[in-house]
Amino acid sequence: MNLKAMRFSLAAILALGLCRAAVAAPPAESREAYDDFYCTTCHGADGRGNYGVQAPKLAGMEPWYLQRQLEKFRAGLRGTTLDDPAGLEMRAMAEKLSDASIAKLVDWVGQWPDVATAHTVEGDAAAGKALFTSCAACHGAQGQGNQQLGAPALAGQSDWYLLTQLQNFSHGYRGADPKDSEGQAMRAAVAVLPDEQAMRNVVSYINQFQRSAPVAARTTNTKE
């Protein structure tokens, strides 16, 4: 595990401690809906995400996609490796949720207004445009997503999260379970990206589809 992964692991462990302190998990066979989901502990009061604990932006996320991912975390199709500390944290939280609880959570998150995200990933957007052609087949020419194909919108999502997930798919940290058909498709699709620089180029191109945050809100995401 590299220095960056170790740093994220520590952040995830600390955040997970906060979340577990806030929610006492009932046995799996007696799950009940929660009145407060504590998503804001990691994802922020307005759902704009938190790079420090690798919590992605939820505001503006499609309800069907959020529901599907929560179900995958709960079922153990995501968040099963130490190389994905943020995924491990989400799996621990999702395991507490019943179907009714997930439905309520999705409805709650859907009430948050979409927010602009800062651009933190640097790359060659022109080179990324050529690579994005295969992505567009499912996610749309403007990264708008396609529910029928199970492909979420990419435009407007935190670019550091998009880069992290491309890496996770590439390394097999996500999409390895044969029951995760969408994840398996993404693993195959990411195979056309030969290295991290190609991933950065694609994400830089996707950034052209989303709104830019004010300069003061920008951060730097450098390779360590």
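Bear in mind that the values here come from a model prediction, so they are computed numbers and not experimental data.
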Hey, is R187 close enough to D180 for a salt bridge, meaning N to O under 4.0 Å?
no
By ring-ring contact (aromatic ring centres under 6.0 Å, His included) - contacts of Y161 (at least two apart):
none
Side-chain donor-acceptor contacts of residues 143-152 below 3.5 Å, not counting sequence neighbours, with atom names and distances?
residue: Q144; atom: OE1; partner: Q142; partner atom: N; Å: 3.0
residue: N146; atom: OD1; partner: Q148; partner atom: N; Å: 3.0
residue: N146; atom: OD1; partner: L149; partner atom: N; Å: 3.3

Hydrophobic cluster membership, L77 vs V106, 4.5 Å side-chain cutoff
no
G52 and N50: which non-hydrogen atoms are nearest, and at how many Å?
N-OD1, 2.9 Å
Are any non-hydrogen side-chain atoms of K72 and E182 less than 4.5 angstrom apart?
yes
Of the non-hydrogen atoms in A59 and P113, which two are nearest, and what is the gap between them?
CB-O, 3.4 Å
Side chains of L105 and L66: closer than 4.5 Å at any heavy-atom pair?
yes
Got a second to check how far Q167's CD is from D83's CG, nearest 0.5 Å?
12.0 Å
Taking side chain to side chain contact (heavy atoms under 4.5 Å, CB included) as the criterion, tell me which of V202, I206, N207 meets it with L154.
I206
Shortest non-hydrogen contact from W112 to L58?
CZ3-CB, 4.0 Å
Run the ring-ring contact (aromatic ring centres under 6.0 Å, His included) test against Y173 and tell me which residues pass, sequence neighbours left out.
H171
Any sub-3.5 Å donor-acceptor pair from T164's side-chain atoms to W160's backbone N or O?
yes
Which atoms form the tightest heavy-atom contact between D99 and R74, and what is the distance?
OD1-NH2, 2.7 Å
Interatomic spacing from CE in M90 to CD in Q54 - rounded to 0.5 Å
13.5 Å
For a quick test of reading the model, state the closest non-hydrogen atom pair linking P56 to H43 and the distance between them.
O-ND1, 2.8 Å
Atom OG1 of T120 and atom CG of D159: how far apart are they, to the nearest 0.5 Å?
3.5 Å
How long is the span from the SG atom in C42 to the CD atom in E89, to the nearest 0.5 Å?
4.0 Å
Nearest heavy-atom approach of L131 to S134 is O-OG, 3.4 Å
Main chain of D124, side chain of N201: is a donor-acceptor contact present, judged purely on distance under 3.5 Å?
yes
Of K57, M61, R48, which meets side chain to side chain contact (heavy atoms under 4.5 Å, CB included) against D114?
K57
Please round to the nearest 0.5 Å and tell me the distance separating atom OH of Y205 and atom CZ of F132.
6.5 Å
With a 4.5 Å limit on heavy-atom distance, are the side chains of Q165 and N168 in contact?
yes
Please check this pair: side chain of K129 against backbone of A125, looking for a donor-acceptor N/O pair closer than 3.5 Å.
no
Out of curiosity, L163 CG to S158 OG, how far, rounded to the nearest 0.5 Å?
12.0 Å
